[in-house]
Amino acid sequence: DVVMTQSPLSLPVTPGQPASISCRSSQSLVYSDGNTYLNWFQQRPGQSPRRLIYKVSNRDSGVPDRFSGSGSGTDFTLKISRVEAEDVGVYYCMQGTHWPRTFGQGTKVEIK
Amino acid sequence: QVQLVESGGGLVKPGGSLRLSCAASGFTFSDFYMSWIRQAPGKGLEWLSYISSSTTYINYADSVKGRFTISRDNAKNSLYLQMNSLRAEDTAVYYCARDEPSSGYFAAPGVYWGQGTLVTVSS
């Protein structure tokens, strides 16, 4: 199975400051169709996961533009340009290139 | 609007069985692949299984292969997960999700997830 490794696992952030989460995969996530199927999900406390980003850097509808994704191959990053209180929760990367689909361990973002 | 509503969770003894359901609305259910994902208490997300729109393709995680069976009834807009030989480590919230081609080749969990149903395996 492809192992997705996130860091850090805990991220205290001051509101208005940036935050960055790393996600590394044990194998390349580039599929033969040329796409890289790396997704980011947000899970707010007590809620279901919500997809924020697909194919590395594409924001889903309604996702604030302070969220951005980047990376290639095996190394990916989710950035929040200015953290707001509503961004508190756990963030997961998930690969959709290999079977089985696998998630990172999650990064808990909390407000300082 | 798209809605996914899971049901069927509860308390079951080790070795027992349970059938989860996911009722879909707000979209053409028969057009989409669907997945089950679970989350053990205080833990991360684990993808379990997917089923293609016409049931041609099905896949399982090794952790549930041979014990869990995914199925769907497009006429009833419903997805199911039959869980047999349950173990304590199967205790989790179980989510159904609509798969999207944008999430993965063939498809993978995308934008829409249900609220989850809790399965507790304990004697």
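Numbered from 1 within each chain, the chains take letters A, B, ... in sequence-line order.
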- Task: Determine, using the 4.5 Å side-chain heavy-atom cutoff (strictly less than), whether V93(B) and V119(B) are members of one ILVMFWY cluster.
- Result: no
- Query: So does R24(A) have more than 12 non-hydrogen atoms from other groups sitting under 6.0 Å from CZ?
  - Reply: no
- Taking every heavy atom of Y95(B) against every heavy atom of Q47(A), the minimum-distance pair comes out as OH-O, 4.0 Å
- If every non-hydrogen atom of G96(A) is compared with every non-hydrogen atom of A108(B), which pair is closest and at what distance? CA-CB, 4.4 Å
- Between L48(B) and V121(B), is there a shared hydrophobic cluster once you connect ILVMFWY residues whose side-chain heavy atoms come closer than 4.5 Å? yes
- Query: In Å, rounded to the nearest 0.5 Å, how long is the span from CD of E100(B) to NZ of K55(A)?
  - Reply: 11.5 Å
- Task: Identify which part of A107(B) has an atom lying under 4.5 Å from any heavy atom of chain A, answering side chain, backbone, both or neither.
- Result: backbone
- Just wondering, are more than 12 heavy atoms of other shown residues or ligands nearer than 6.0 Å to NZ in K65(B)? yes
- Message: For Y105(B), which atoms come within 4.5 Å of any heavy atom of chain A: side chain, backbone, both, or neither?
- Response: both
- For Y60(B), is it the side chain, the backbone, both, or neither that has a heavy atom closer than 4.5 Å to a heavy atom of chain A? neither
- Shared hydrophobic cluster, F103(A) / L11(A) (ILVMFWY, side-chain heavy atoms < 4.5 Å): no
- Query: Which bit of E46(B) is near chain A, if near means a heavy-atom gap under 4.5 Å: side chain, backbone, both or neither?
  - Reply: backbone
- Whatever's closer than 4.5 Å to a heavy atom in chain A on I37(B) counts as side chain
- Item | Residue N35(A) versus chain B: region with a heavy atom under 4.5 Å | neither
- Message: Tell me whether V56(A) shares a hydrophobic cluster with V2(A), the cluster being built from Ile, Leu, Val, Met, Phe, Trp, Tyr side chains joined at under 4.5 Å.
- Response: yes
- Item | Exercise: identify the closest heavy-atom pair between S48(A) and W113(B) | CB-CB, 4.3 Å
- Determine whether V2(B) and V5(B) fall in the same hydrophobic cluster, where Ile, Leu, Val, Met, Phe, Trp and Tyr are linked whenever their side-chain heavy atoms lie under 4.5 Å apart. no
- Item | From CA spacing to verdict: side-chain contact (heavy atoms from CB on, under 4.5 Å), S35(B), R101(A) | CA-CA 10 Å; S35(B) 282; R101(A) 308 317 194 194; over 6 Å; no
- Note on the structure: Taking every heavy atom of S102(B) against every heavy atom of R51(A), the minimum-distance pair comes out as OG-NH1, 3.0 Å
- Query: Does a sphere of radius 6.0 Å around CZ in R44(A) hold more than 12 heavy atoms from other residues, nucleotides or ligands, not counting ones at 6.0 Å or beyond?
  - Reply: yes
- Note on the structure: Note: vs chain A, highest number of non-hydrogen pairs under 4.5 angstrom among G114(B), G104(B), S103(B) is S103(B)
- Pick whichever of A61(B), G110(B), G116(B) has the most heavy-atom pairs under 4.5 Å with chain A. G110(B)
- Query: Could you state the interatomic distance from OH (Y92(A)) to CG (L45(B)), rounded to the nearest 0.5 Å?
  - Reply: 4.5 Å
